[in-house]
Novice: 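Here it is, the structure in full.
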Amino acid sequence: IRDATAGEVGWIKGSFDLKEIGYVRQNLPAYVDQYVGQAEADLSGPHRKGARDPEFLAILGLYYTSIGKDDLARPLLEQATAAHVSRSSAYDELARIRRADATAKPTGSEEGK
């Protein structure tokens, strides 16, 4: 038995926070901002202190996707999936982000030149 690392505490609390946000968004949307703020507090502290556990990075990335910040989520999800995290939603969200990026800039378009 040992004390949990900051990253482990972050991903455990963050996992719960993500479930809360989903529930509140669906059932009590007027209170979503309060729960998003709590999740931000639970996740930003360990990240600022250097937590880089892949499971923690996956949760942090999923948090960012849940609030529409795919640009912040992508590098976190890329790191987490490169480390082969077991959380399938991290792979799903990274694939969704990559697909959105690919369809936003079609090959051969004037934007890509």
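Since the model is a prediction, treat every value here as computed from it, not as a measurement.
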Novice: Is there a path of hydrophobic side-chain contacts, each under 4.5 Å between heavy atoms, that joins I67 and V24?
Specialist: yes

Novice: Rounded to the nearest 0.5 Å, what's the gap from CZ on R96 to CZ on R74? Could you check?
Specialist: 11.0 Å

Novice: Enter the distance from I21:CD1 to Q38:CD here, rounded to the nearest 0.5 Å.
Specialist: 9.5 Å

Novice: Do any N or O atoms from the side chain of Y35 and from the backbone of G22 form a donor-acceptor pair under 3.5 angstrom?
Specialist: no

Novice: What is the minimum heavy-atom distance between A58 and A90, and which atoms define it?
Specialist: CB-CB, 4.1 Å

Novice: Start with the C-alpha distance between F16 and E20, add both sets of side-chain angles, then the distance that settles side chain to side chain contact (heavy atoms under 4.5 Å, CB included), and finish with yes or no.
Specialist: CA-CA 6 Å; F16 187 74; E20 281 184 323; 3.1 Å; yes

Novice: How many angstroms lie between OH in Y63 and CD in E40, if you round to the nearest 0.5 Å?
Specialist: 3.5 Å

Novice: To the nearest 0.5 Å, tell me how far L43 CG sits from L62 CG.
Specialist: 10.0 Å

Novice: Sequence neighbours excluded, which residues qualify as salt bridge (charged side-chain N to carboxylate O under 4.0 Å, His left out) partners of R87?
Specialist: E55

Novice: Does T5 offer a backbone N or O that forms a donor-acceptor pair with the side chain of E8 under 3.5 Å?
Specialist: yes

Novice: Apply salt bridge (charged side-chain N to carboxylate O under 4.0 Å, His left out) to R52 and list each qualifying residue two or more places apart in sequence or on a separate chain.
Specialist: none

Novice: Drop me the distance from L94's CG to Q79's CD, to the nearest 0.5 angstrom.
Specialist: 11.5 Å

Novice: For L72 and P75, which heavy atoms make the closest approach, and how far apart are they?
Specialist: O-CD, 3.5 Å

Novice: H47 and L76: which non-hydrogen atoms are nearest, and at how many Å?
Specialist: NE2-CD2, 4.1 Å

Novice: Could you give the distance from CG (D42) to CD1 (I12), rounded to the nearest 0.5 Å?
Specialist: 12.0 Å

Novice: Has D71 got more than 12 heavy atoms of other residues, nucleotides or ligands less than 6.0 Å from its CG?
Specialist: yes

Novice: Output all residues satisfying salt bridge (charged side-chain N to carboxylate O under 4.0 Å, His left out) with D17, sequence neighbours left out; order by chain, then residue number.
Specialist: none

Novice: What are the two closest non-hydrogen atoms of A73 and I97, and how far apart are they?
Specialist: CB-CD1, 4.2 Å

Novice: List the atom of A80, the atom of P54, and the distance in Å for their closest heavy-atom pair.
Specialist: CB-O, 3.4 Å

Novice: List the steps, then state whether side chain to side chain contact (heavy atoms under 4.5 Å, CB included) holds for Y91 with H84.
Specialist: CA-CA 9 Å; Y91 297 90; H84 307 290; 4.1 Å; yes

Novice: S15 and I59: which non-hydrogen atoms are nearest, and at how many Å?
Specialist: OG-CD1, 3.2 Å

